[in-house]
Amino acid sequence: MSVKQISVFLQNKPGTLKQMTGVLAAHEIDMRALSLAETKDFGIARIIVDDVYSAVNVLKEADYVASLTSVLVVAVPDVPGGLDQLLAIFADAKVNIEYMYAFLGGEDTKHAYMIFRVADTKAAEARLANTGLKILTQEEIAEI
Amino acid sequence: MAKPKGRTDDMLIIRGVNVFPSQIETVLLNNGYAANYQIVVDRVNNTDTLDVQVEMTPEMFTDNVGEITERQKALADGLKSMLGIKAKVSLVAPKSIARSEGKAVRVIDKRKI
């Protein structure tokens, strides 16, 4: 059920992110979400795309170093306290979140989508199984 | 006699210390980096600086920023113990360093004598 996120190594200087988005644009790859982690001299762009396979291929062809990471995409009700409920489940289960980011989903205005990177994706998934919260699959991400 | 460290005509003198590019190469290989590197020597506030630029490789890359910075630090520590002077390690994009066309391209000395 987890979704593949592509992590791309970028140098921390003007224009490098644009170059990467340029490669994706040239191959008509649609991004669903993006997050940047940066240090003083390099950064990692984390992206969720509609077509993971071709995105990785075109990035490799353009000499980018990229890797795939499993992340959980959860639809959180867009109401006050929505995220709080979800985090309470994770806290109870002692699920440690390494990082997270969010995106709003197109036509679906009732949910916000949170992307979680956790140490044990399977265990976190199991905890969410009977809570009524929806975990998105790769196919659903492609269709948003 | 001490073991030869490299050719004297490759030797750089940085902060009064003799530095051989072959020493830097050894440390890079020991730490699992590719041998494609570039040494930038400059002078900032009358002190020589040594910047070793290494290309990121798929083997060295992970999604974890902390892990990459730790490896970067391990490499900087390795360089310091090998050379005896502090060196800065910069990770650069793959294929951004010109492939070797003779030894000159490996070293960029910006110091003005």
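Chain A is the first sequence line, chain B the second, and so forth, proteins listed ahead of strands; every chain is numbered from 1.
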Answer with yes or no whether the hydrophobic clustering places [X] together with [Y]; edges join I, L, V, M, F, W, Y residues whose side-chain heavy atoms lie under 4.5 Å apart.
{"X": "Val17(B)", "Y": "Leu83(B)", "value": "yes"}
{"X": "Val54(B)", "Y": "Val65(B)", "value": "yes"}
{"X": "Val3(A)", "Y": "Val52(A)", "value": "no"}
{"X": "Ile48(A)", "Y": "Leu34(A)", "value": "no"}
{"X": "Leu17(A)", "Y": "Ile44(A)", "value": "no"}

statement: Looking only at heavy atoms, the pair that brings Val8(A) and Phe61(B) closest together is C-CZ, 3.9 Å
Atom pairs, donor to acceptor, chain A/chain B, distance under 3.5 Å:
from     : atom 1 : to       : atom 2 : distance (Å)
Ser7(A)  : OG     : Asp63(B) : OD1    : 2.6
Gln11(A) : OE1    : Ala93(B) : N      : 2.9
Asp41(A) : OD2    : Gln72(B) : NE2    : 3.3
Arg46(A) : NE     : Asp63(B) : OD1    : 2.9
Arg46(A) : NH2    : Asp63(B) : O      : 2.7
Asp63(A) : OD1    : Lys95(B) : NZ     : 3.3
Tyr99(A) : OH     : Asp63(B) : OD1    : 3.3
Tyr99(A) : OH     : Asp63(B) : OD2    : 2.3

- prompt: Is it the side chain or the backbone of Phe9(A) that comes within 4.5 Å of chain B heavy atoms, both, or neither?
  reply: both
query: From Leu10(A) CG over to Met56(B) CE, what is the distance, rounded to the nearest 0.5 angstrom?
result: 11.0 Å
task: For Asn130(A), look at atom CG and say whether over 12 heavy atoms of other residues, nucleotides or ligands are found less than 6.0 Å away.
output: no
- request: Count the heavy atoms of every other residue, nucleotide or ligand shown that sit under 6.0 Å from CD1 of Ile13(B), and state whether that count exceeds 12.
  value: no
